[in-house]
Amino acid sequence: MSWSRAALGTVAAIVAIAVGVLAGELTKPAASGAGSPAPTVSPTASHRPPPPKTFLPDGSSRLFPGHRVVAYYGAAGAPALGVLGTDSAEGIWPRLDAQAREFDHHGPAILPAYELITFVATGSGGPDGDYSQRIPDSTIQHYVTAARRHHALLILDIQPGRGEFLPDAQSLARWLRLPDVALAIDPEWKLYGHQVPDRQIGHTDATAINQVSAWLDRLTAAQNLPQKLLLVHQFTPDMVHHKSQVASRAHLAMVFNMDGFGARAVKLAEYHDLARDRRFPIGLKLFYSSDKHRFTPTEAVRLHPAPAVVDYE
């Protein structure tokens, strides 16, 4: 059975972010004799105390094991791209909360999450010619505020078009420095050459994923953050080339999210195929309108292995 995806819309505005880097400067002390004042050293990154330890919304410091993330996926104001866009961040919360609560009695603690598409793949090249549009900073901040108000996680999703995952992720550093903000990358929408979103199915490789994970791991460690989720969407084996070379990271919870829809038997076969790689937890995307005989929460958590992330679109 072939797999397909919903058609894409566009987001109204693009805002670029400049990420500043603060560097300290070491002053070399002059040689001092008897009676000379003690040399002074100005603070540097190596001499500054680390930032205070921060925690996940429930006060813990590790995602897995111990949690199951239940997320609503989509783009703000774009219902065609997922359930998250069918209402505002506040308006969708009662539905998200109710859906997450259906998993309450099935094992790990539940952490509800908004998964917000921040770079939306589009059918036109756009100002940068990369077939992807960045949503405004103000929209991202709106979801940060809502997630924090409800003690939820916010996952920032990237559909890069012909762009690259790493620079797109780095442009989100302002929010990824927060303990309750995570990252998702979507290889289906990583395109090359003359490819155009919604005409071809994209892919990525271990090198690109390792670049993103290494950067995010360093950021997480430097900011003394709790374990941070890196969600990689995948629904065919060749969507991630050389997957055996994907590296694990000490400060990240990396999850490969089975992101296809269709008949239950096909979906189940694909889930088990991706779950053969036991180095990383697996996630499961469930589609309200496209799945045939959608898994109930009870059925989903009885899969083996059970999904660490359940993502509703």
Side-chain angles (χ1 to χ4, degrees), residues 1-11 14 71 73-75 78 80-82 84-85 115-135 155-172 182-216 230-247 254-262 266-267 270-271 273-274 277 280 282-285 287 290 309 311 313:
M1 175 176 177
S2 60
W3 294 66
S4 60
R5 294 299 304 264
L8 285 176
T10 59
V11 174
I14 297 176
Y73 170 97
L81 300 186
L84 191 66
E115 184 174 352
L116 176 68
I117 308 173
T118 56
F119 285 82
V120 184
T122 64
S124 60
D128 298 326
D130 59 6
Y131 289 83
S132 181
Q133 291 191 353
R134 161 75 181 274
I135 71 173
I155 306 169
L156 303 180
D157 183 90
I158 297 173
Q159 299 178 354
R162 294 183 191 171
E164 301 294 336
F165 285 120
L166 181 58
D168 286 356
Q170 289 172 330
S171 80
L172 301 171
L183 181 66
I185 61 177
D186 202 337
E188 177 186 357
W189 305 107
K190 173 65 187 89
L191 303 171
Y192 306 86
H194 298 291
Q195 292 180 332
V196 175
D198 220 28
R199 296 183 189 175
Q200 292 88 19
I201 293 177
H203 68 273
T204 191
D205 58 22
T207 298
I209 294 174
N210 288 342
Q211 288 173 345
V212 172
S213 67
W215 171 79
L216 188 61
L230 175 57
L231 191 65
V232 183
H233 291 284
Q234 181 182 10
F235 64 86
T236 64
D238 59 356
M239 196 165 282
V240 178
H241 294 184
H242 313 296
K243 188 175 178 179
S244 63
Q245 298 174 25
V246 173
M254 294 180 61
V255 175
F256 284 83
N257 195 44
M258 206 293 288
D259 187 16
F261 61 80
V266 177
K267 186 157 185 162
E270 192 67 38
Y271 180 88
D273 187 50
L274 296 182
D277 186 347
F280 304 104
I282 190 168
L284 177 65
K285 176 79 78 71
F287 293 78
S290 301
V309 174
D311 201 8
E313 181 172 336

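Just the heavy atoms: all of them, side chains too, but no hydrogens, waters or symmetry mates, feed the values below.
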Short side-chain to backbone donor-acceptor contact, [X] and [Y], under 3.5 Å:
X: Asn210; Y: Gln245; result: yes
X: Gln200; Y: Val196; result: yes
X: Arg162; Y: Gly193; result: yes
X: Gln133; Y: Ile135; result: no

Val232 and Phe280: CA distance, side-chain angles, deciding distance, side-chain contact (heavy atoms from CB on, under 4.5 Å) verdict
CA-CA 11 Å; Val232 183; Phe280 304 104; over 6 Å; no
Does any part of the side chain of [Y], heavy atoms only, come nearer than 4.5 Å to the side chain of [X], both counted from C-beta?
X: Arg134; Y: Leu172; result: yes
X: Thr204; Y: Phe165; result: yes
X: Glu164; Y: Asp168; result: no
X: Trp189; Y: Asp198; result: yes

Does the cation-pi check pass for Lys285 over Tyr73, that is, NZ or CZ under 6.0 Å from the six-membered ring centre and within 45° of its axis?
yes
Checking Lys267 against Tyr271: charged group under 6.0 Å from the ring centre and within 45 degrees of the axis?
no
For the student: nearest non-hydrogen atoms of [X] and [Y], plus distance:
X: Ser171; Y: Phe119; answer: OG-CZ, 3.4 Å
X: Gly260; Y: Phe235; answer: N-CB, 3.4 Å
X: Ala206; Y: His242; answer: CB-O, 3.1 Å
X: Thr122; Y: Ser132; answer: OG1-N, 3.9 Å
X: Ser213; Y: Leu230; answer: CB-CD2, 3.7 Å
X: Val120; Y: Ala75; answer: CG2-CB, 4.5 Å

With side-chain contact (heavy atoms from CB on, under 4.5 Å) as the test, pick out the partner of [X] among [options].
X: Ile282; options: Leu274, Val255, Val309, Asn257; result: Leu274
X: His233; options: Ile185, Asp311, Val240; result: Asp311
X: Ile158; options: Asp186, Ile117, Leu166, Leu183; result: Leu183

[atom1] of [X] to [atom2] of [Y]: how many Å apart, nearest 0.5 Å?
X: Thr236; Y: Ile201; atom1: OG1; atom2: CD1; result: 6.5 Å
X: Thr207; Y: His241; atom1: OG1; atom2: NE2; result: 12.0 Å
X: Asp259; Y: Glu313; atom1: CG; atom2: CD; result: 6.5 Å

Which class fits the ring pair Phe287 and Phe261: parallel under 30°, tilted 30 to 60°, perpendicular over 60°?
perpendicular
Criterion side-chain contact (heavy atoms from CB on, under 4.5 Å) on Gln234 and Lys243, from CA distance to verdict
CA-CA 11 Å; Gln234 181 182 10; Lys243 188 175 178 179; 2.9 Å; yes
